[in-house]
Chemist: 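Let me begin by handing over the structure; questions about it come next.
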Protein chains: 2
Amino acid sequence: MGEIMAERAVTIRDVAKKAGVAVSTASRALGNGPASLETRQKVREVAQELNFVPNQAARQLTSGRSNIIAIAVPERTQFLFNDAFVSGMISHLADSFTQKTFLPFLALTGPHDTESLNKLLHDSGADGAVVLSFHYSKGLVDTLAQFDKPTIFIGQPPHHMNYPYVDVDSFHGGYEAAELLVQRGRRRIAIIAGPDDMLSPQQRTSGCVEGLAAAGLEPIAINVGDFTSAHGYQAMKEILADDPQVDAVFAHSDQIAAGAMQALSQYGKRVPQDLSIVGFDDFHVARALSPGLTTFAQPLADLAETATEMLAWRLRHGEWKTTAQVLPVTLILRGSL
Amino acid sequence: MGEIMAERAVTIRDVAKKAGVAVSTASRALGNGPASLETRQKVREVAQELNFVPNQAARQLTSGRSNIIAIAVPERTQFLFNDAFVSGMISHLADSFTQKTFLPFLALTGPHDTESLNKLLHDSGADGAVVLSFHYSKGLVDTLAQFDKPTIFIGQPPHHMNYPYVDVDSFHGGYEAAELLVQRGRRRIAIIAGPDDMLSPQQRTSGCVEGLAAAGLEPIAINVGDFTSAHGYQAMKEILADDPQVDAVFAHSDQIAAGAMQALSQYGKRVPQDLSIVGFDDFHVARALSPGLTTFAQPLADLAETATEMLAWRLRHGEWKTTAQVLPVTLILRGSL
DNA sequence: CTGAAAGCGCTAACAG
DNA sequence: CTGTTAGCGCTTTCAG
């Protein structure tokens, strides 16, 4: 009395004792082990009463599983923080893993800081990982090989990395963009593209090029850069300088489109009267622009859910059910066409 | 031979044996316990050689610590995924916790789904938490009380929740916005505000109102809504309808400002000739707009680092060094003023 | 179906 | 400074 008691968490022992059974019985009753209905009920009742919360570390230590999934994003900080695709994807992944009773653990590291990634992957005790990356280094390959637990990619990895993945049908998006612009009567079509060391911009471009080819056209310019509005602005100015008659732009991101429209307004060009613009992403900015941006919506939530399901299945069944799933983009029509 | 060996991870025992010392000695040598320089070197060398990775669960079980920090964001999914402040903040937090060798664990739940949050907080075995929320329910209060581990808020919580926090000086931002617009010669100034159930928009508004009052003015309108461009667009139209002479707008977010500018362009109003616009956030859209948006940059990285440091200190020393830190916003001048 | 007992891998007293 | 000895809380054989 009067002593300060160290507040000890209630353990399965306490539950067992109060329920009048052995610890092992309590464990089985709480889990899925064999136990009589009666025992099961009694034990669970007591556990509830005592507000028993199983110790994760102990469980992990014996069972060998942690239920932790690492979300690995080995990208430049600057890129990561500003890219709506990446940050949105992270949120959606965390959300769907939580839904499936996994614990999402966020491993953000520099693209070449494989040592950190290695450490994080190990220290977290993750049972598996989702990798969200666009730049594939030797270090990343080695790190993942060493991790040696079920791993899935968001976005198709290079062919020499034989990992399961979910991806967006970028090629088809590009193709559809071309069709759309051609239907609209446009003929002098420029592409302002994302980084050419990433697969999806390459696919968007080839889709568009092929779509144009089907109409006997080819792009009057393909201007490569990053996904920012600054790139869009700069590229648009260059394209206008080269060919003032340009009448359409397929931009690889909404941000790029925004920058392009900024340049156009400075040059007195009107959208959509003088030029049509089609973007990619359907993030916030697409709606904020004036006129609204016609664009292709990326299925972030679906990507996350699909990845979660694939990984969950792999973890439960020991093998992959499917090793790749490609999801379509959705055309969102707004005033810029 | 020919048998498939279950791949057993190397444990500290293996290291100890190979180094010719006791397990406890190895443990001390690897950690910060007392050990001769010689032993320490030898053990670490062997550990390296054997590629030893300490088992997180076991460590946690004995030490009682996990090094896991929960990043709790009890907000509507829809809000979370679209809000650049929230998603940027999450990334920055994950980043700075990683820097300090903590493991950031992402707990995203619905605002009223306190049961999930509770479960996540427990199951993750987190040593502490950062809460990033703007809507404070009874359920959240109870959940955190039950969590009962060091917890820090991003953004000042309501007064009845006596938690340490880091925050942005929203009031001052609002005040400065007012000064700026008045200096620019503006007199008919409207505020398009964020949600009034959040503290920071309230502060931005009162700062601005007070700043105007100092010049003998008051806002011609205060239009409350969410942070989206849709709100900005709608509000701007209403304000123009009520008072076509409006000559300045203080928008509580860059998105709001974007929407407002969209409405203005439809009404043939020019920025900055006819009206000045000041935003808040300095996210991507601020640069993508045309003209560029004058706005107040939020110190996301500083907020994250400060929170990390405060929590790390608390975890190490058993008490808070400071219980609140408020960081200034930075004026970014662009063409919209 | 249930109880006893043996660890999982590590850290933290406690002696030496 | 180092080795021995106990556990941390739980799951999982192994007998009964």
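Convention: sequence-line order gives letters A, B, ...; per-chain numbering from 1. Reckoned from all heavy atoms, side chains included, excluding hydrogens, waters and symmetry mates.
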Chemist: Taking salt bridge (Lys or Arg N to Asp or Glu O under 4.0 Å) as the definition, give me every residue that meets it alongside A:K42, ordered by chain and number, with sequence neighbours left out.
Modeler: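 Salt bridge (Lys or Arg N to Asp or Glu O under 4.0 Å) list for A:K42, sorted by chain: empty.
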Chemist: Would you say a side-chain N or O of B:T11 is under 4.0 Å from OP1 or OP2 of C:dC8?
Modeler: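 Result: no.
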Chemist: Taking the side chain as every heavy atom from C-beta outward, state whether B:F102 and B:L315 have any atom pair closer than 4.5 Å.
Modeler: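 Yes, at least one pair of side-chain atoms sits under 4.5 Å.
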Chemist: Of the listed nucleotides (C:dT2, D:dT4, C:dG9), which one gets closest to any side-chain atom of B:A22?
Modeler: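 Nucleotide nearest to B:A22's side chain: D:dT4.
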Chemist: Kindly say whether the aromatic ring centers of A:F105 and B:F105 come within a distance under 6.0 Å.
Modeler: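 Centroid distance A:F105-B:F105: not below 6.0 Å, so no.
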Chemist: Sequence neighbours excluded, which residues qualify as salt bridge (Lys or Arg N to Asp or Glu O under 4.0 Å) partners of B:D113?
Modeler: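 Testing B:D113 for salt bridge (Lys or Arg N to Asp or Glu O under 4.0 Å), a comparison that skips the adjacent residues, returns none.
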Chemist: Separation of B:F52 atom CZ from C:dG9 atom P, in whole Å?
Modeler: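 After rounding, the reported distance stands at 10 Å.
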Chemist: Of all the nucleotides listed (D:dT2, C:dC8, D:dC8), which has the minimum atom distance to the side chain of A:R13?
Modeler: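 My answer, after comparing the listed nucleotides, is D:dC8.
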Chemist: Listed by chain and number, what are the salt bridge (Lys or Arg N to Asp or Glu O under 4.0 Å) partners of A:D302, not counting sequence neighbours?
Modeler: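 A:D302 satisfies salt bridge (Lys or Arg N to Asp or Glu O under 4.0 Å) with no residue once adjacent residues are dropped.
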Chemist: Tell me: CG of B:N67 to P of C:dC10, nearest whole Å?
Modeler: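 Atom-to-atom, B:N67 to C:dC10, this comes out as 15 Å.
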Chemist: Go through the structure and list residues passing side chain to side chain contact (heavy atoms under 4.5 Å, CB included) with B:T143, not counting sequence neighbours.
Modeler: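 Partners of B:T143 under the side chain to side chain contact (heavy atoms under 4.5 Å, CB included) test: B:T114, B:L117, B:N118, B:L121.
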Chemist: Distance check needed: C:dC10 C1' versus A:L61 CG, whole Å only.
Modeler: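 Taking atom C1' of C:dC10 as the reference, CG of A:L61 is at 8 Å.
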Chemist: Residues two or more places apart in sequence or in another chain: which of them pass side chain to side chain contact (heavy atoms under 4.5 Å, CB included) with A:D197?
Modeler: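 Expected list: A:H135, A:P195.
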Chemist: Going by the rule salt bridge (Lys or Arg N to Asp or Glu O under 4.0 Å), which residues pair with B:K18 if we only count those two or more places apart in sequence or in a different chain?
Modeler: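 By the salt bridge (Lys or Arg N to Asp or Glu O under 4.0 Å) rule, B:K18 matches B:E49.
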Chemist: Assign a letter to each nucleotide of nucleotides 11-16 of chain D from its 5' end: B, base within under 4.0 Å of a protein heavy atom; S, sugar-phosphate only; -, no contact.
Modeler: BBB---
Chemist: Choose from C:dC10, D:dC10, C:dC1 the nucleotide whose nearest atom is closest to any side-chain atom of A:T39.
Modeler: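 Nearest nucleotide to the side chain: C:dC1.
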Chemist: Applying side chain to side chain contact (heavy atoms under 4.5 Å, CB included), name anything that partners A:A57, two or more places apart in sequence or on another chain.
Modeler: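 With sequence neighbours excluded, A:A57 shows a side chain to side chain contact (heavy atoms under 4.5 Å, CB included) to A:N55, B:Q60, B:L61, given in chain and number order.
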Chemist: So which one's nearest nucleotide on DNA chain D is more toward 5', B:L37 or A:V53?
Modeler: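 Nearest nucleotide further toward 5': that of B:L37.
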Chemist: When the axes are fitted on five pairs at both termini, how much does the helix from C:dC1-D:dG16 to C:dG16-D:dC1 curve, in 10° steps?
Modeler: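 Comparing the axis at each end, I get an angle of 30°.
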